Protein chains: 2
Amino acid sequence: MALSVGEHMPDSSRADILEAAAHCFMERGYAATSIDDVARRLDATKGRIYHHYSSKSDLFADVFRFGMEMNYRAIEPLRRSGEKAVERWRQMALIHVVQMITTRQFQRVVWEGVEMHLRGATTPEQRTAFAELIERRSRYSDIFRDLLAEARDDGDMRFENLGIANQLVFITLNSPIFWYSPRAGETARDIEEIGRQVVAFALHGLGVRKGNP
Amino acid sequence: MALSVGEHMPDSSRADILEAAAHCFMERGYAATSIDDVARRLDATKGRIYHHYSSKSDLFADVFRFGMEMNYRAIEPLRRSGEKAVERWRQMALIHVVQMITTRQFQRVVWEGVEMHLRGATTPEQRTAFAELIERRSRYSDIFRDLLAEARDDGDMRFENLGIANQLVFITLNSPIFWYSPRAGETARDIEEIGRQVVAFALHGLGVRKGNP
DNA sequence: GTTGACAACATACCCGGTAGTATGTTCATC
DNA sequence: GATGAACATACTACCGGGTATGTTGTCAAC
């Protein structure tokens, strides 16, 4: 239910399928999730799913795409703020972490999708279908990476190897998809507080002096 | 082949099976790996594997166990050095990261095993078999966690929530299992250098002042 | 207000792959 | 030369992806 996205949303039936699929893929992983599992969660049958998606990997890819687009839309407003690179990075990182927490089901699918691609555990047809998604994911990652390089040139960050630093930071920011679990009565401020600590850890790791405002 | 562990090693036939299984599980994940895949990598058939292991999950559990025991043995010599907590943590963290790189196949299985347990995606019988492994894994993690707490009490580290800090640090130290890929002609010193940068990132994230010696 | 057409599913079925088993086969060791 | 370990071979049972076909509601045209 409650996909907190009005615009850019496909019809509600597909949305329900996406949500259910994301949950199942999150809980059991791609390979261990059957189409019947997803259908069962919808109180429906395979017929409904195969009416909208041509294959299991097609469904997975759509969950992947949707999760990623949510991230793009979340950080979009911040990309052209006049701030310095380090500050833009901080703001975007915080938004990103909050996204990881609030849309956890989808983000784990994104993660597994990247993993599947890196491992090459896909059929040739799937690889071409995935290629554009992976490409788009890489460009998303580049946004953060470029800011890191810029911030270092500004003298606001100090680290050695850019590639390694970017990997470490990215996994740090994504890590809530693994260890976060929702608490009863948790507010948006609580989540933002967690995000603040994650970003603070990353910033210190990147050699940024001052704490968070 | 080349399991760089002499002692504590089961007979060589089982060792080859473990190694092959670790590779397959790393490349495709547990669910997507078939027993025939493992057998194929051994130039053998299922018969060989089922002669030594009673089930697929049993094999997986043994890879899990073996990978974890390697970690225990690696850090064991450092546990009772006279150093301060922050210094012991640094040394153990470095060893741990190097372990993640050099025994990557096994460590990814350990990771997936923990994941499977957290997701609850196991049958009741498997859960009890896994329980002791997970427990042992938790105690391994506690070693690092306790050192974090001690180092903070010493005034050598500064962070807010211990649980969050530990999660962030642990995923940072484990992250090479995801992004590291071996380069041709890479030496042990190269790997240690990578480890140094990972640990440096984590230490800074934990609010430790001085750089690495 | 009936019919026809189509979307949105459900039902029933097929079939390949895979975990696990049952049964050889070989070789060493006593 | 008998016995058992260490496999290979052959087979079964079942699950799950995909398909083919039926069913229901809606909406437009006449």
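When reading the values below, keep in mind they use all heavy atoms of this one structure, side chains included, and skip hydrogens, waters and symmetry mates. Letters A, B, ... are given to chains in the order of the sequence lines, protein chains preceding strands, and every chain is numbered from 1. This structure is a prediction, so every number in the text was calculated from the model and none was measured.
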Exercise for review: Hey, which sits more toward the 5' end of DNA chain D by its nearest nucleotide, Gly47(A) or Ala32(A)?
Suggested key: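 Comparing both residues, the 5'-ward one is Ala32(A).
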Requested in this report: Specify whether Phe60(A) and Phe130(A) have parallel, tilted or perpendicular ring planes, treating 30° as the upper limit for parallel and 60° as the lower limit for perpendicular.
Outcome: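 Because their plane-to-plane angle is under 30°, the rings of Phe60(A) and Phe130(A) count as parallel.
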Check whether any side-chain N or O of [X] sits under 4.0 Å from OP1 or OP2 of [N], and answer yes or no.
X: His52(B); N: dA5(D); answer: no
X: Ser13(B); N: dC7(D); answer: yes
X: His51(A); N: dA8(C); answer: yes

Separation of [N] [atom2] from [X] [atom1] (nearest whole Å):
X: Leu42(A); N: dC9(C); atom1: CG; atom2: P; result: 10 Å
X: Arg40(B); N: dA19(C); atom1: CZ; atom2: C1'; result: 14 Å
X: Arg48(A); N: dC9(C); atom1: CZ; atom2: C1'; result: 8 Å
X: Ile35(B); N: dC15(D); atom1: CD1; atom2: P; result: 18 Å
X: Asp58(B); N: dA19(C); atom1: CG; atom2: P; result: 14 Å
X: Tyr53(A); N: dT19(D); atom1: OH; atom2: C1'; result: 20 Å
X: Ile49(B); N: dT21(C); atom1: CD1; atom2: P; result: 14 Å
X: Asp37(B); N: dG20(C); atom1: CG; atom2: P; result: 14 Å

If you look at every strand shown and take non-hydrogen atoms under 4.0 Å, does [X] touch a base, only sugar-phosphate, or nothing?
X: Ser54(B); value: nothing
X: Ser57(A); value: nothing
X: Thr45(B); value: base

Which nucleotide in [options] has an atom nearest any side-chain atom of [X]:
X: Tyr50(B); options: dG17(D), dA8(D), dA19(C); result: dA19(C)
X: Ala44(A); options: dG20(C), dG17(D), dA10(C); result: dA10(C)
X: Asp36(B); options: dG17(D), dT18(C), dG18(D); result: dT18(C)

Exercise. Would you say the base of dA8(D) and the side-chain of Lys46(B) have a donor-acceptor pair closer than 3.5 Å?
Worked result: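 In this structure, the two groups form no donor-acceptor pair.
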Closer than 4.0 angstrom, basic N to acidic O: yes or no for Asp142(A) and Arg145(A)?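 Answer for the salt bridge query: no.
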Note to self: Could you tell me if Arg136(B) sits above the aromatic ring of Tyr72(B), with its cationic atom closer than 6.0 Å to the ring centre and no more than 45 degrees from the axis?
What the structure shows: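 Checked: cation-pi criterion met.
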Enumerate donor-acceptor pairs with a distance under 3.5 Å from any side-chain N or O in residues 113-121 of chain B to protein atoms, sequence neighbours excluded.
from	atom 1	to	atom 2	distance (Å)
Glu115(B)	OE1	Arg108(A)	NH1	3.3
Glu115(B)	OE1	Arg108(A)	NH2	2.5
Arg119(B)	NH1	Met26(A)	O	3.3

Check: Ser34(A)/Asp37(A) side-chain N/O donor and acceptor closer than 3.5 Å: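 A pair is found: one side chain offers a donor N or O, the other an acceptor, under 3.5 Å apart.
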